[in-house]
Amino acid sequence: MTVVPTTAAPVLAEDPFGDDVLTDPHPFHEALREAGPVVFLECCSVWAMGRHAEVHAALTDWQRFQSAAGVGLSNFTTEKPWRPPSLLLEADPPRHDAPRHVLADVLSPRALRKLRAAWAADAERLVAEVLSGDPEFDAAERLSGAFPLRVFPDAVGLPQGGRENLLPYGDHAFNAFGPPNHLVEKGAARVAELSGWVGSRCAREALAPEGFGADIWAAADRGEITPEQAPLIVRSLLTAGVDTTVHALSAILYALATHPGQWDRLRQDPSLMRTAFDEAVRLESPVQTFFRTTTQDVSVAGTRIPAGEKVLLFLGSANRDPRRWDRPDEFDLSRDPSGHVGFGMGIHQCVGQHVARLEAEALLHAMLPRVRRIELAGRPRRHLNNTLRAWGSLPVRVELER
Ligand code: OVM
């Protein structure tokens with residue numbers, strides 16, 4: 001028998017879910033990466049990884065880093081989840097696979113083709129409306145906060161009433177992955193009401209005869225999933241499909257407003273749109289973290305993590321790891337951002353990413369010919385969330401094409 005030497009993991013005391021780190025996570029991320037490939041976080045008694053190589057490896061190793069015990073701090077094997085677990089996010093193969101295949105089909109680039117023209121027209125209308133007013137406006141409120149709510153609920157097939165519940169519900173779901181801090185407490189008062197509303201919208205009768213919701217129910221009719229699974233898969237759309245795209249749109253608008261040379265470049269060559277979107281997701285990482293749980297003793301770079309432990313994977317840190325990226329803090333359309341883990345990696349990689357890309361493309365294609373220059377017009381304000389990197393306010397000034 002060979003005895004593999006194990007090293008004790010460095011211990012960090014700082015709370016990554018504290019307001020200071022959430023407001024500006026970069027100094028913490030650097031300390032985390034520099035401390036070592038695996039560290040122990042005293043605050044929550046969990047392990048953590050912040051370097052690209054180890055985060056990528058853990059994300060693609062679902063056998064040893066499972067999701068079914070929850071991808072937040074709470075361990076579902078010992079604690080009751082705040083809602084029935086997601087059939088996608090909080091499941092492992094084989095149970096994960098049928099729901100995943102169904103949703104991947106429903107949200108495939110092919111399936112989204114029929115939405116492209118309508119979303120482009122919606123974006124034209126929104127952008128024309130916003131640009132016809134004051135050249136200084138809040139892009140978080142008027143553009144990124146508005147556009148997904150114009151197109152996504154209709155695409156799902158949700159009725160008009162109650163759509164204002166979507167963002168608060170998503171915001172709480174993403175807070176709930178963290179420790180029970182003030183951000184979770186703030187959402188607690190409305191959990192029953194919001195969960196009740198979301199749950200009621202997942203029924204077949206509540207959904208329009210055409211749309212992502214109906215498509216999921218059609219898969220149940222074909223026997224690809226059970227009728228019991230369908231409403232929970234619709235719930236995944238309503239949980240993960242709104243806040244994420246709102247904050248991804250803010251990320252790309254912020255990146256472009258603070259890098260005028262890259263805005264010019266994108267105007268000259270709109271075929272860089274996909275790069276721009278992925279580069280913004282890399283740089284801002286709208287979803288900053290997810291946990292996994294070890295299914296067995298795991299040795300990572302010489303450090304032993306026992307079975308049944310929570311491991312916090314810092315996607316945002318991996319996406320700025322200088323071991324992986326040149327000038328990681330720069331938004332640069334010359335780079336190839338593929339390989340970023342902003343959408344995760346492996347079997348759970350964001351199933352809705354084509355929806356997010358289509359939204360960003362529609363919005364930016366409407367803006368590019370009309371806006372010669374976009375810049376910050378004031379100090380942007382963060383919206384704090386235990387998982388999301390978000391803007392509460394993004395004041396911009398635009399100079400229009402004459
Ligand atoms: C879900 C889900 C998937 C991804 C993220 C997420 C709240 C939820 O399946 O409900 O965040």
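Counting convention: from 1, in listed order, for ligands and their atoms alike. Nothing fancy with the numbering, it's 1 onward along the sequence.
Residues Asn165 and Arg190 bring a donor and an acceptor atom of their side chains to less than 3.5 Å of each other. Side chains of Ser393 and Arg379: a donor-acceptor N/O pair is absent below 3.5 angstrom, by distance only. Thr294 and Arg64 share no side-chain donor-acceptor pair at under 3.5 Å. Looking only at atom types and distance, the side chain of Thr245 has a donor-acceptor partner in the side chain of Glu359 under 3.5 Å away. His340 and Asp278 form a side-chain donor-acceptor contact under 3.5 Å, judged by distance and modelled atom types alone.
Sorted by chain and number, the heavy-atom contacts of ligand 1 below 4.0 Å come from Arg83, Ser86, Leu89, Ala173, Phe174, Phe177, Ser236, Thr239, Ala240.
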Under 3.5 Å, side-chain donor or acceptor atoms of residues 174-185 against the rest of the protein: list the pairs with distances, not counting sequence neighbours.
residue: Asn175; atom: OD1; partner: Asn385; partner atom: ND2; Å: 3.3
residue: Asn175; atom: OD1; partner: Asn386; partner atom: N; Å: 2.7
residue: Asn175; atom: ND2; partner: Asp171; partner atom: O; Å: 3.4
residue: Asn181; atom: OD1; partner: Leu183; partner atom: N; Å: 3.1
residue: Asn181; atom: OD1; partner: Val184; partner atom: N; Å: 3.4
residue: Asn181; atom: OD1; partner: Asn386; partner atom: ND2; Å: 3.1
residue: Asn181; atom: ND2; partner: Phe17; partner atom: O; Å: 3.3
residue: Asn181; atom: ND2; partner: Asn386; partner atom: OD1; Å: 2.8
residue: His182; atom: NE2; partner: Asp19; partner atom: OD1; Å: 2.8
residue: His182; atom: NE2; partner: Asp19; partner atom: OD2; Å: 3.3

